[in-house]
Amino acid sequence: MVRADLEDIAPEALEREKHKKREGLRDLPGDTSNVVLRFAPNPNGPLSIGHSRGVVINSGYAEKYDGKIVLRFDDTDTRVKPPLLEAYSWIEEDFEWLSGRGADVIIRASERMPIYLKQAKKMIAEGYGYVCRCEAEEFRKFREGKLDCPCREKKISKNLEEWAEMESGDLVEGTAVVRVKTSMSLPNPALRDWPALRIQHSPHPVVGEKYKVWPLLDFQSAVEDHMQGVTHIIRGKDLMDSTRKQTLLYEHFGWSYPETLYWGRVKVHEFGGFSTSGMSSSISKGEYDGWDDPRLPTLRALRRRGFEPQSLISLWSEIGLTQKDISISMQTLEAFNSKNIDGICERRFFVSEPVRIQIHGENIPSEAKIARHPDGLILGMREWGVKNSIFIQNEDLIQAKLRLKDFADIEINGSNAQIEGEERSDNRPIIHWLPEEISREAKMFVPEGEGIRELAGMIEDFELTIGEVYQFERVGFARLVKINNGVAELVWLHN
RNA sequence: GCUCCUGUGGUGUAGUACGGUCCAUCAUUCCGGGUUUUCAUCCCGGCGACCCGGGUUCAAAUCCCGGCAGGAGCACCA
């Protein structure tokens, strides 16, 4: 009835935008007039592909709302995940490479300790925090049984006294912790009097032995987000309870908690269980060459192989911000990358497992010209001098009649090839090849399972630039990383 | 055990707040074809999905209830 009326009055009102996929990032909730976002990694290694989601999504929103982004190093643990001094600048570089710009504000939690310590003392003084002397195991029982820990009822003055002992270093590690006094009867056990600061006497790589008490993530992060005026927190949904814990703290301090969004767990099919600390120890054991080893899921490795930052941006934008736990494949990233680089990569030949053959014929052309790029996106030709001796791939040798790309039709007999004509005369297979004079020894490193396969071959020695990604025709994309004793070293990218 | 999150083709995603026009979008993979002196790029076509069971309703991917499955937190890690 209503619908029938509408059809008369305003038929366009019934038109619904269907069959359309939403483009770009979903709108941010809340006040978006002055967006401040943050990206907060632990500086215990360079950024990995997993971190890249945070960089891409946060920078995407910063751009969308003309907001600011804070890069904060959460380096308040010297024991379990100790900071790596070099990692701070690595991360800044990785961030800039990926987002195309530096962060608006860069801070290290370790440099902001006075603020956290002051806030902790305030919390204790106001009776919202207390020094708990229970052992971890002991407290676990109280938490599980919804029982108050005896330390909970201590007088504020006593708590402040013990806090002073913690700060001064008089208390040894493990003998005291500052807890936020929420409630022990909360249905969610994670929120019951959660720990905010603990004693750590081991030196910090940045500030040394200056501090004896260090905040845990939930406390440090909560305080710092407020100090920086963060309006929107985008974090993994494994940190949902952090939001709940921190909200309780904010309520106590009379602050208002930022809008919070979450993403789910991401697994990259090709990279099973890599953790920053795991990679770190594998590298020091010599199992990998370094953080940019092509088998590693670090941004440095992807960069070294030849991935463009735009490809990561496309990937994460396509995935968007969802709370689903997902499992993605490098194939998807590679598809984006192929599209991004195909038009800008010069073509070259790489003859793997080369076989030398002699070419014979009446009038062998003395030179060959092959386009730098087949679609003319890059102008110009690769020009070679040609004599009798050439290399072709061992696997191409089995064919009898072949065409040497952009050169001549041939027929192979043993290790000799007869030229049948320069023009293409039929649709015999076309292979890539190299005159001996233009060939340079090369090694291509192809990650394969746990190891790296070293593919020996000859690379076309025509205007090679170190650091450049080339598309090797009929082979795939690879990056020229160096020329070592005359041997070109290539790192495989993808097909 | 307690608390929480998520379930749309092989993978990822749109649609779900306001139920219909959704025989369900787009990307990627895969399959087939076209262009191409690369097994690249590009173009065309195809296969393929609403976790299950009830309920409400003329009508459910969408609302309700109950299952099931996957993931996370309950660290003196981040």
Side-chain angles (χ1 to χ4, degrees), chain A residues 3 14-23 40-44 74-77 79-83 109 132 134-136 139-140 143-144 146 173-179 186-192 194-200 213-214 216-218 220-221 235-245 262 264-267 269 275-277 314-315 317-320 322-329 331-336 338-339 341-343 345 347 349 370-371 373-375 377 403-407 409 423-424 427-432 471-477 494-495:
Chain A
R3 184 178 180 83
L14 293 170
E15 294 293 322
R16 181 168 151 201
E17 290 224 8
K18 53 172 183 177
H19 298 275
K20 284 260 172 68
K21 180 162 177 172
R22 179 183 48 76
E23 292 289 327
N42 178 339
N44 62 344
D74 283 345
D75 58 348
T76 57
D77 171 53
R79 176 94 44 220
V80 184
K81 291 181 180 174
C132 176
C134 300
E135 286 182 20
F139 191 83
R140 193 176 60 80
R143 180 170 46 230
E144 285 171 1
K146 297 189 176 183
E173 288 189 30
T175 57
V177 61
V178 174
R179 294 188 179 280
L186 256 15
N188 185 344
L191 313 187
R192 296 172 196 157
W194 53 274
L197 301 100
R198 80 319 207 178
I199 303 168
Q200 281 196 167
V213 183
W214 290 85
L216 276 320
L217 174 81
D218 288 319
Q220 176 270 130
S221 176
R235 55 165 54 136
K237 66 175 182 174
D238 55 315
L239 262 24
M240 278 181 161
D241 282 342
S242 283
T243 301
R244 299 177 184 111
K245 289 184 213 174
Y262 306 92
R265 208 181 101 123
V266 180
K267 259 191 215 163
H269 186 241
S275 68
T276 304
S277 46
S314 302
L315 176 76
S317 304
E318 167 69 26
I319 290 169
T322 63
Q323 292 191 25
K324 266 168 78 172
D325 297 322
I326 59 172
S327 181
I328 58 170
S329 165
Q331 280 191 359
T332 312
L333 214 214
E334 290 171 1
F336 282 119
S338 294
K339 291 181 178 73
I341 67 175
D342 187 78
C345 285
R347 308 290 123 128
F349 284 162
I370 307 181
H373 191 286
D375 303 330
L377 295 168
R403 177 163 181 81
L404 300 177
K405 186 171 191 281
D406 285 316
F407 187 65
D409 281 1
E423 294 308 308
R424 191 179 188 191
N427 50 12
R428 65 184 69 194
I430 296 164
I431 63 165
H432 61 290
Q471 193 212 70
F472 295 100
E473 302 192 40
R474 303 211 305 146
V475 177
F477 294 95
H494 52 69
N495 288 116

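Worth knowing before you read on, the calculation uses all heavy atoms, side chains too, and leaves out hydrogens, waters and symmetry mates. Residue numbers start from 1 in every chain, and the chains themselves are labelled A, B, ... in the order their sequence lines are given, proteins ahead of strands.
One can place CD of A/Glu318 at 5 Å from C1' of B/rA27, the figure rounded to the nearest angstrom. Straight-line distance from the NZ atom of A/Lys267 to the C1' atom of B/rG12: 15 Å, rounded to whole Å. In this structure, A/Asn44 places its CG atom 10 Å from P of B/rA78, rounding to the nearest Å.
A gap of 27 Å separates the C1' atoms of B/rU11 and B/rG67, to the nearest Å. Separation of the C1' atoms belonging to B/rA72 and B/rG32 is 43 Å when rounded to the nearest angstrom. Comparing the same atom, P, in B/rU29 and in B/rG73 gives a spacing of 33 Å after rounding to whole Å. Look at the C1' atom in both B/rC74 and B/rU13: the space between them is 32 Å, to the nearest Å. Separating the C1' atom of B/rG7 from that of B/rC44 is a span of 34 Å, rounded to the nearest Å. B/rA61 and B/rC52 have their C1' atoms separated by 14 Å, with the value rounded to a whole Å.
Residues A/His432 and A/Arg474 come closest through the heavy atom pair ND1-NE, 3.2 Å. Among all heavy-atom pairs drawn from A/Trp214 and A/Thr76, the shortest one is CB-O, 3.5 Å.
Here the nucleotide nearest the side chain of A/Arg179, chosen from B/rC77, B/rG12, B/rC76, is B/rC76.
In this structure, the side chain of A/Arg192 engages the main chain of A/Pro187 through a donor-acceptor pair within 3.5 Å. Using modelled atom types, no side-chain atom of A/Asp375 and backbone atom of A/Leu377 make a donor-acceptor pair closer than 3.5 Å.
Summarising the base pairing, B/rA60 is matched to no nucleotide, lacking a Watson-Crick or G-U wobble pair whose two defining distances lie under 3.5 Å.
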Write down the protein N/O and nucleotide N/O pairs, taken from nucleotides 3-7 of chain B, whose separation is under 3.5 Å; answer none if there are no such pairs.
from, atom 1, to, atom 2, distance (Å)
B/rU3, O2', A/Asn188, ND2, 2.8
B/rC4, O2', A/Arg244, NH2, 2.9
B/rC5, O3', A/Gln323, OE1, 3.1
B/rC5, O2', A/Lys237, NZ, 3.3
B/rC5, O2', A/Gln323, OE1, 3.1
B/rC5, O2, A/Lys237, NZ, 3.4

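Taking 4.0 angstrom as the limit, A/Arg140 places none of its side-chain polar atoms (N or O) nearer than this to OP1 or OP2 of B/rG1. Between A/Thr76 and B/rA78, a side-chain N or O to OP1/OP2 separation shorter than 4.0 Å is present.
Ion pair A/Arg347/A/Asp342 flagged as a salt bridge, since at least one NZ, NE, NH1 or NH2 atom sits closer than 4.0 Å to an Asp/Glu carboxylate oxygen.
When each of A/Ala190 and A/Thr322 is assigned the nucleotide of RNA chain B with its nearest heavy atom, A/Thr322 is the one assigned upstream, toward the 5' end. Residues A/Leu186 and A/Asp238 each lie close to RNA chain B; by heavy-atom proximity, the contact nearer the 5' end of the strand is made by A/Leu186.
Atoms NE2 and CD, on A/His494 and A/Gln471 in that order, are 10.0 Å from each other to the nearest 0.5 Å. Note that the CD1 atom of A/Ile326 and the CD1 atom of A/Ile319 stand 4.0 Å from one another [nearest 0.5 Å].
Using a 4.0 Å heavy-atom distance criterion, A/Ser277 is classed as making no nucleic acid contact.
Enclosure of atom CD in A/Glu135 is not indicated, since only 12 or fewer non-hydrogen atoms of other residues, nucleotides or ligands lie within 6.0 angstrom. Summarising the local packing, NZ of A/Lys267 is surrounded by 12 or fewer heavy atoms from other residues, nucleotides or ligands at distances under 6.0 Å.
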Open item on the list: I'd like to compare against my own output: the B/S/- annotation of nucleotides 29-43 of chain B with a strict under-4.0 Å heavy-atom distance to protein.
Closed with: S-------BBBBSS-
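Residues forming a side-chain hydrogen bond (donor to acceptor under 3.5 Å, both in side chains) with A/Arg265 (at least two apart in sequence, or on another chain): none.
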